[in-house]
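Note that ligands are numbered from 1 as they come in the structure, with each ligand's atoms numbered from 1 the same way.
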Amino acid sequence: MRAAKTRVSKTVTFWFAIAVALCSCIVASEAKYRTDKNRFGVYRQQVIVDPSGHGNFTTIQEAVDSVRQNNKHWFFINVRPGIYREKIKIPYEKPYIVLKGAGKRRTRVEWDDHFSIAQSPTFVSLADNTVVKGMTFANSYNRPRKGKNKNPRVPAVAAMIGGDKSAFYSVGFDGLQDTLWDSEGRHYFHRCTIQGAVDFIFGTGQSYYEDCVVHVLGGEIEPGVAGYITAQGRTDPKDANGFVFNNCLVYGTGMAFLGRPWRGYSRVIFYQSNLTDVVVPEGWDAWNFVGHENQLTYGEYNCYGSGSKTPRRVKWEKKLNGDTVRGFADLNNFINHDGWLDDLPIPS
Ligand SMILES: *[C@@H]1O[C@H](CO)[C@@H](O)[C@H](O)[C@H]1NC(C)=O
Ligand SMILES: *[C@@H]1O[C@H](CO)[C@@H](O)[C@H](O)[C@H]1NC(C)=O
């Protein structure tokens, strides 16, 4: 009896072990499969946009329209050099689109709407898993002509980014007021250039700007009046969103505050960045939250350059301790807990 029981349990153990081995094998190959699909695009589709008609489409929007709803595989849209006079919208139900231009200066998308913040963006992406590389989105409504700004300055958005897990490599954002609406979700910007004068990086995104250029325009607003680089919109102390600038260059022809709070718990950190003399000595402005400055998380850490001298900074700027700074400044910690960024197909 006892011997038989042992044999039964041994047999069970044996088959159980086989099953476990099989399962982990399947899980492993499934994981590998998934990675391959992302990294090397086994299911990758590809189309070319060429304004002269030698591609699949002549406008970027037509290429986006050709992507199936609830698309599940990376879809590459290669955009040849040119100036594209169109507005682009990547709708919510079209994730996994990769837009690849020929370079910030060679592939340019322009429009000039300014009716409202929501209506004005030249480029809108609402889908998760959007990747853009090597192109510029411009809202030209307030572009100065011959040094003069003909139109009155109004919010005129170049790009609105509302999806989660979206990344931008060598992308230009050109505008004057409200240039980049970093609206919602986790975003990574690498080697991007963002240009403007007033609130030109704004929204409620949870975003990491790395090796980017922040170009402060001057002259377009009244002489001697400083603009604002960021207007971050965090509303609650428990919210994960905020903007981190790591190893960026802040320069230009105007003067600007590093930020002012669009909402009451605004959070912006400049880390290891070159802040040139375009940054006003006070650094930050409390805007509509005077008296509630303690709610704001504005900080600078290890910055350098002539605009980084802080003796005249507002007293309520946060003095960050090492742990807090590491929490923000570490890319993985701040936006990449689940490794989404490592799975993106970065176009070469
Ligand atoms: C795009 O154009 C190329 C070259 O003409 C063609 O081979 C390909 O099938 C087209 N792709 C689509 C999705 O139309
Ligand atoms: C900061 O940037 C300015 C403008 O590009 C440059 O002239 C300066 O050398 C930079 N500062 C440092 C310390 O790299």
Side-chain angles (χ1 to χ4, degrees), residues 37 40-82 84 86 88 90-91 93-102 104-105 107 127 130-131 170 172-174 189-197 200-201 209-219 226-227 229-230 244-258 269-281 283 300-311 313 329 345 347:
K37 214 162 58 186
F40 309 113
V42 173
Y43 281 98
R44 160 171 157 172
Q45 305 236 33
Q46 188 153 323
V47 293
I48 292 171
V49 181
D50 184 328
S52 64
H54 294 101
N56 303 92
F57 302 102
T58 54
T59 68
I60 302 167
Q61 187 64 51
E62 285 174 296
V64 170
D65 291 345
S66 78
V67 177
R68 260 190 248 149
Q69 297 220 342
N70 307 311
N71 170 50
K72 289 189 175 55
H73 307 299
W74 292 107
F75 190 108
F76 277 60
I77 299 175
N78 293 304
V79 187
R80 294 251 165 91
Y84 294 80
E86 59 172 313
I88 302 168
I90 299 180
E93 65 280 2
K94 294 195 178 181
Y96 299 108
I97 289 180
V98 180
L99 278 182
K100 182 183 180 293
K104 254 188 259 193
R105 291 191 181 79
T107 300
T130 296
V131 178
S170 301
F173 300 94
D174 285 7
F189 298 88
H190 187 244
R191 295 196 171 182
C192 291
T193 300
I194 309 108
Q195 169 190 294
F200 61 98
I201 306 174
Y209 293 82
E210 190 162 42
D211 305 335
C212 290
V213 173
V214 174
H215 186 174
V216 178
L217 293 176
I229 295 168
T230 64
V244 173
F245 294 82
N246 180 22
N247 202 33
C248 293
L249 167 64
V250 177
Y251 86 121
T253 51
M255 291 292 287
F257 290 84
L258 294 169
I269 311 289
F270 282 84
Y271 185 66
Q272 303 184 142
S273 291
N274 181 355
L275 308 181
T276 66
D277 56 11
V278 301
V279 178
V280 300
E300 297 162 73
Y301 196 81
N302 279 2
C303 289
Y304 54 94
S306 48
S308 69
K309 313 232 170 352
T310 51
R313 285 292 193 265

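- The distance from atom CD of Q46 to atom NZ of K100, rounded to the nearest 0.5 Å, is 9.5 Å.
- Ion pairing of E300 with R313 is present here, as a side-chain N (NZ or NE/NH1/NH2) and a carboxylate O approach within less than 4.0 Å.
- Protein heavy atoms all stay at least 4.0 Å away from atom 7 (O) of ligand 1.
- Within 4.0 Å of atom 4 (C) of ligand 1, not a single protein heavy atom is present.
- Near V47, the atoms of ligand 1 lying under 4.0 angstrom from a non-hydrogen atom of the residue are 13 (C).
- Ring centers of Y251 and H215: under 6.0 Å apart, within the cut-off.
- For the pair N274 and ligand 2, the shortest N or O to N or O distance falls below 3.5 Å.
- Atom OG1 of residue T193 and atom CZ of residue R105 lie 7.0 Å apart, to the nearest 0.5 angstrom.
- What sits closest to atom 13 (C) of ligand 2 on the protein, heavy atoms only, is Y304 CD1, 3.5 Å.
- Counting only heavy atoms of the protein, atom 9 (O) of ligand 1 lies nearest to N56 ND2, 4.7 Å.
- In this structure, atom 11 (N) of ligand 1 has protein heavy atoms in its sub-4.0 angstrom surroundings.
- For an aromatic pair to be called close, the ring centres must be under 6.0 Å apart, and F245 with F270 satisfies this.
- Interatomic distance, CZ of F173 versus CZ of F189, reported as 5.0 Å (0.5 Å rounding).
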